[in-house]
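Note that the structure is predicted; figures quoted are calculated from it, not measured.
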Amino acid sequence: MTDLEMIKKITGESDEELLSLLLVMAEEKVLSLAWRTKMIYPLKPAARDWAVVAYNRLGMQGETSRSEGGISSAFAEIPKEIEETIKRYRLGRVRGHAYEKKPDEAVPPQEEECQEG
């Protein structure tokens, strides 16, 4: 099941274009906070969750709290569980730069392992 299909099931929304846009925006935010340029598998649930949160907050952009009929709600910018996941996979920074590991395919195999001796 794709991320879009998951979000569609969770929200019940049929507008795939809207959900795709929310997912792209959520992925961009997650990558920015994790100091990464490529999405890694462990961050995908955080991006999906953030897209669902964004869907639920449509029409309430910019609000920090709301009170209706004696019920008050406060909104965190990033829900705690999403923030914790992002922090777990955030890259370290050295002098303002974050360095991502190159894909394993780019690393040539060791010649010593191939030789018998």
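- In plain terms, the two heavy atoms of Leu22 and Ala54 that are nearest each other are CD2-CB, 4.0 Å.
- With hydrogens and angles disregarded, a donor-acceptor distance shorter than 3.5 Å links the side chain of Glu5 to the backbone of Thr2.
- Considering CG of Leu31 and CD1 of Ile86, their distance stands at 9.0 Å, rounded to 0.5 Å.
- Side-chain contacts under 4.5 Å among hydrophobic residues (ILVMFWY), followed directly or transitively, place Met25 together with Leu21.
- Partner of Val30 under the side chain to side chain contact (heavy atoms under 4.5 Å, CB included) criterion, out of Ile78, Thr85, Leu43, Asp49: Leu43 alone.
- Between the side chain of Arg88 and the backbone N or O of Pro42 there is no donor-acceptor pair closer than 3.5 Å.
- To the nearest 0.5 Å, atom CD of residue Glu81 and atom CD of residue Glu84 are 7.5 Å apart.
- Nearest heavy atoms, Ala47 versus Leu23: O-CD1, 4.2 Å.
- Ile82 and Met6 fall into different hydrophobic clusters, defined by Ile, Leu, Val, Met, Phe, Trp and Tyr side-chain heavy atoms under 4.5 Å apart, directly or through other members.
- Rounded to the nearest 0.5 angstrom, Trp50 CH2 and Glu27 CD are separated by 12.0 Å.
- The hydrophobic clustering, which links ILVMFWY residues whose side-chain heavy atoms are closer than 4.5 Å, places Ile10 and Leu58 together.
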Begin from the C-alpha positions of Val24 and Glu28 and carry the test side-chain contact (heavy atoms from CB on, under 4.5 Å) through to its verdict.
-> CA-CA 6 Å; Val24 167; Glu28 288 172 352; 3.7 Å; yes

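- Taking Lys8 as the reference, Glu16 meet the salt bridge (charged side-chain N to carboxylate O under 4.0 Å, His left out) condition, with sequence neighbours excluded.
- Taking CD of Glu13 as the start and CD1 of Ile7 as the end, the distance is 11.5 Å to the nearest 0.5 Å.
- Separating the NZ atom in Lys87 from the CG atom in Leu33 is a distance of 10.0 Å, to the nearest 0.5 Å.
- Atom OH of Tyr55 is separated from atom CG of Leu18 by 7.0 Å, given to the nearest 0.5 angstrom.
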